[in-house]
There are 2 protein chains.
Amino acid sequence: MMPDSQIKQATLRDVAEMARVSYQTVWRVVNEHPNVAVDTRERVLQAVRTLDYRPHRAAQVLTTGRSYILQLVIFEYAYGDPLPAILHWAREFGYTMVVTELKDATSAESVRTLLRETAQMIDGLLMVMPYPHLSYDALAGLCQGRPFVVVNTELGAKMPSVVFDQRYGMRLAVEHLVALGHRRIAEISGPLDNCDARARHDTWIRMAADMAGRCEFDPSLSVAGDFEVGSGYSAAQHLLATGRSFSAVLVGNDLMALGAMRAFDEAGLRIPEDVSIVGYDDAALSAYLSPPLTTVRQEFDTLGRESVEYLVSLIEDRLTPIQQRVLYPELIVRQSTCSRTGEHPQTGELGRR
Amino acid sequence: MMPDSQIKQATLRDVAEMARVSYQTVWRVVNEHPNVAVDTRERVLQAVRTLDYRPHRAAQVLTTGRSYILQLVIFEYAYGDPLPAILHWAREFGYTMVVTELKDATSAESVRTLLRETAQMIDGLLMVMPYPHLSYDALAGLCQGRPFVVVNTELGAKMPSVVFDQRYGMRLAVEHLVALGHRRIAEISGPLDNCDARARHDTWIRMAADMAGRCEFDPSLSVAGDFEVGSGYSAAQHLLATGRSFSAVLVGNDLMALGAMRAFDEAGLRIPEDVSIVGYDDAALSAYLSPPLTTVRQEFDTLGRESVEYLVSLIEDRLTPIQQRVLYPELIVRQSTCSRTGEHPQTGELGRR
DNA sequence: CCCGTGGATGTGAACCGTCACAATAGTACA
DNA sequence: TGTACTATTGTGACGGTTCACATCCACGGG
């Protein structure tokens with residue numbers, strides 16, 4: 001059994017009674033308004049302490065319309081990455097965070113359902129929705145005019161958003177491989193309806209076209225995974241099964257890179273001598289893989305801070321313009337990439353079933 | 001600029017006016033009470049739809065005292081693991097979740113601060129606090145009599161809680177290694193003020209004592225990490241630096257196991273031939289390490305479901321008894337462990353700096 | 001002595017649902 | 001025709017905070 005089931009919270013009026021003043025005076029003291037006599041203030045504060053008075057948030061929300069609660073909407077993939085940073089910065093800015101997961105981010109209906117539940121309670125929304133199926137107006141409608149910031153959407157999208165420049169990140173990765181002499185480069189991308197994955201994929205194709213001769217894009221050496229370890233593993237196996245040769249792989253994130261490394265390892269290929277691998281994200285574990293993974297770092301802490309900061313400024317100051325804040329990733333070179341020596345046994349000979 | 005800044009939400013009274021009935025009738029329709037004439041009901045529902053009426057949650061909280069919001073308090077370590085499951089099940093049970101991180105879980109003061117902010121808004125708390133410094137009464141006091149469930153605390157703790165039996169899990173791991181013939185077993189534990197880490201560590205010591213002769217506990221081969229990859233790496237290096245021989249390592253979680261594997265790899269030791277490794281958790285990536293990691297699986301989805309289910313039953317039905325629900329982990333044997341052949345080069349010869 | 005000024009404090013209404021109770025209409029049955 | 005009862009609908013107060021406004025008092029200047 002629970003003990004003394006509900007402890008009755010003291011109210012403004014309770015404190016007023018105890019301090020022998022009106023509730024308004026108590027309110028003034030609590031909200032630090034001027035024009036309260038020092039001895040009255042003391043008496044009130046005393047009462048506040050003994051009764052352990054705290055303003056009732058729900059009542060405050062009801063009258064002021066402000067809850068200091070934000071809602072984070074995340075799509076299942078995007079999990080671990082930006083969440084800790086967002087949580088941390090929300091707290092730092094004085095907000096608490098409701099976290100909701102969205103199963104089907106592509107349908108406006110599921111978003112609507114999600115918002116129904118909490119809508120009147122929250123001051124603004126942060127949406128990690130890498131599936132840009134909803135226009136600004138659609139989102140604004142769903143959010144009932146509440147401020148929102150989209151995290152990780154298309155570069156150039158006309159909405160309040162904070163994004164990494166995926167084209168830039170991919171360029172770093174490709175240039176790195178090309179500089180090492182790699183020509184036949186395979187790709188294990190994320191799901192192509194994910195805008196990040198798409199942007200990187202498209203960038204890779206465009207770069208290959210632009211650098212014709214120095215490297216090439218082979219459609220049969222481009223597989224899409226789902227950002228999970230297992231899909232990296234099977235994608236790598238699939239690449240090997242094609243029998244086509246490649247000396248390096250661009251992988252959509254570090255988790256899939258880990259899976260791919262395992263597959264190559266099982267196939268007897270050495271990394272980086274036989275296959276160079278570039279990951280994406282720079283997860284905590286990437287520095288400790290064997291070999292440590294060359295990857296494109298996305299600074300999720302910055303992403304979290306920028307997103308929250310932007311959202312809060314939209315909430316508190318209506319003058320903030322709609323804009324897209326762009327962050328730039330960084331290439332972290334470790335030991336999973338090396339120059340293509342050409343004399344090593346390459347995939348294509350070994351990889352044949 | 002944000003567009004038409006705030007969209008005015010329709011209230012019960014607005015709907016009533018439109019449907020030409022009293023707000024009470026609207027309320028009855030919305031809350032599906034009987035005794036409303038069919039045509040009235042239709043008229044009201046029509047008005048509800050055209051005005052897109054939704055009850056104001058804050059007002060509901062104010063009058064009913066129920067918010068259908070739960071608060072999750074997590075200590076930084078315990079991150080990724082139980083969170084997705086808890087989120088999912090909370091939603092499943094009709095609750096939304098406020099997620100708050102706690103920097104210093106050992107001080108009652110920091111908990112109090114955290115709760116102040118949201119206290120009157122939430123129906124109950126879920127605390128992932130593997131630092132059992134607070135008694136049931138202390139916690140109940142902090143929670144102001146609101147129901148709470150502790151996730152991952154000490155086995156046998158007298159509070160509403162859901163835990164894995166860490167002793168059982170560790171026993172599985174140790175028995176596995178002993179059955180494979182390992183005698184000198186090293187340990188990379190989690191931080192020993194963490195009750196999970198502590199329970200496993202203590203179990204290991206007790207088992208070694210009980211099985212005297214068949215395996216042994218060597219204090220200098222027991223290092224505490226912090227559950228992060230990097231600490232597994234340096235702990236493994238430390239083990240090697242002792243110059244003492246060991247043929248297997250019990251690691252506090254899979255992430256540290258990954259770090260340790262890297263360290264052994266760098267030192268030229270093969271896994272499992274030279275060192276067998278047992279992890280803990282069965283993280284998503286563990287099956288894809290090279291070699292795939294033998295580990296003790298904790299079913300976090302079950303943990304999440306049980307925790308939320310328990311909390312909800314405490315909230316909705318005051319008769320639920322205070323109890324501890326115990327879940328049992330499971331040994332997953334993969335390829336990072338093998339029988340000790342004795343003829344292989346063991347650590348101690350190779351490991352010397 | 002009166003008025004203006006400003007500090008100190010109090011009153012009433014509003015926010016939006018909820019709930020206990022009141023009121024009205026309508027039917028059934030004696 | 002009246003009573004009992006039900007189905008349907010309405011009224012009033014309340015929850016705890018906020019805010020605009022009202023009141024009271026004292027003090028200084030004229």
Side-chain angles (χ1 to χ4, degrees), chain A residues 6-45 47-48 51-69 116-123 144, chain B residues 6-45 47-48 51-69 116-123 144:
Chain A
Q6 279 294 52
I7 295 174
K8 216 282 186 183
Q9 261 289 355
T11 79
L12 217 42
R13 261 121 177 145
D14 295 335
V15 179
E17 191 182 359
M18 177 173 233
R20 330 192 97 246
V21 290
S22 74
Y23 53 83
Q24 177 62 248
T25 305
V26 178
W27 183 80
R28 270 191 272 259
V29 171
V30 172
N31 294 60
E32 291 171 329
H33 272 234
N35 300 343
V36 178
V38 268
D39 54 332
T40 319
R41 151 169 285 116
E42 271 321 307
R43 217 158 6 109
V44 171
L45 286 177
V48 165
L51 293 176
D52 189 29
Y53 166 76
R54 275 169 289 173
H56 194 296
R57 299 285 255 104
Q60 286 181 315
V61 177
L62 188 59
T63 49
T64 60
R66 299 273 279 108
S67 65
Y68 292 90
I69 299 180
R116 278 199 171 275
E117 299 166 17
T118 45
Q120 311 88 345
M121 283 284 239
I122 57 164
D123 287 347
Q144 299 277 319
Chain B
Q6 279 294 53
I7 294 175
K8 215 279 184 182
Q9 262 289 353
T11 79
L12 259 191
R13 263 117 177 146
D14 295 335
V15 179
E17 192 181 359
M18 176 173 235
R20 330 192 96 245
V21 291
S22 74
Y23 53 83
Q24 177 63 248
T25 305
V26 178
W27 183 80
R28 269 190 274 258
V29 171
V30 171
N31 294 58
E32 291 170 329
H33 272 234
N35 300 343
V36 178
V38 268
D39 53 332
T40 319
R41 153 170 284 116
E42 270 321 306
R43 220 160 1 113
V44 171
L45 286 177
V48 164
L51 293 176
D52 189 30
Y53 167 76
R54 275 170 290 174
H56 194 297
R57 300 286 253 102
Q60 287 182 315
V61 176
L62 186 59
T63 49
T64 61
R66 298 272 279 107
S67 66
Y68 292 90
I69 299 180
R116 278 198 171 276
E117 299 167 18
T118 45
Q120 311 88 344
M121 282 285 238
I122 57 162
D123 288 346
Q144 298 277 319

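Protein chains get the first letters and strands the later ones, always in sequence-line order, with residue 1 at the start of each. Everything quoted here is computed from the prediction, not taken from an experiment. In what follows, every heavy atom counts, from backbone to side chain, and hydrogens, waters and symmetry copies are set aside.
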Less than 3.5 Å between a donor and an acceptor, one on the side chain of [X] and one on the base of [N], is that the case here?
| X | N | value |
| --- | --- | --- |
| B:Gln24 | C:dT18 | no |
| B:Gln60 | C:dT18 | no |
| A:Arg57 | D:dG16 | no |
| B:Arg13 | C:dG17 | yes |
| A:Tyr53 | D:dG16 | no |

Starting from [atom2] on [N], measure out to [atom1] on [X] and report it in whole angstrom.
| X | N | atom1 | atom2 | answer |
| --- | --- | --- | --- | --- |
| B:Leu62 | C:dG17 | CG | C1' | 9 Å |
| B:Asn35 | D:dT6 | CG | P | 11 Å |
| A:Trp27 | D:dC21 | CH2 | P | 14 Å |
| A:Arg28 | D:dC19 | CZ | P | 12 Å |
| A:Leu12 | C:dT11 | CG | C1' | 14 Å |
| A:Asp14 | D:dG15 | CG | C1' | 12 Å |
| A:Arg41 | C:dG7 | CZ | P | 14 Å |
| A:Tyr23 | D:dA20 | OH | C1' | 12 Å |

Base, sugar-phosphate, or nothing for [X], non-hydrogen atoms under 4.0 angstrom?
| X | result |
| --- | --- |
| A:Val61 | nothing |
| B:Arg66 | nothing |
| B:Arg54 | sugar-phosphate |

Which nucleotide in [options] has an atom nearest any side-chain atom of [X]:
| X | options | value |
| --- | --- | --- |
| B:Thr63 | C:dG10, C:dG17, D:dT17 | C:dG17 |
| A:Thr64 | C:dT9, D:dT9, D:dT18 | D:dT18 |
| A:Thr25 | C:dC16, D:dG16, C:dG10 | C:dG10 |

Answer yes or no: is there a side-chain heavy-atom contact under 4.5 Å between [X] and [Y]?
| X | Y | result |
| --- | --- | --- |
| A:Gln120 | A:Gln144 | no |
| A:Val44 | A:Arg41 | no |
| A:Tyr53 | A:Asp14 | no |

- Give a yes or no answer on whether the side chain of B:Arg13 reaches the backbone of B:Tyr23 with a donor-acceptor pair at less than 3.5 Å. no
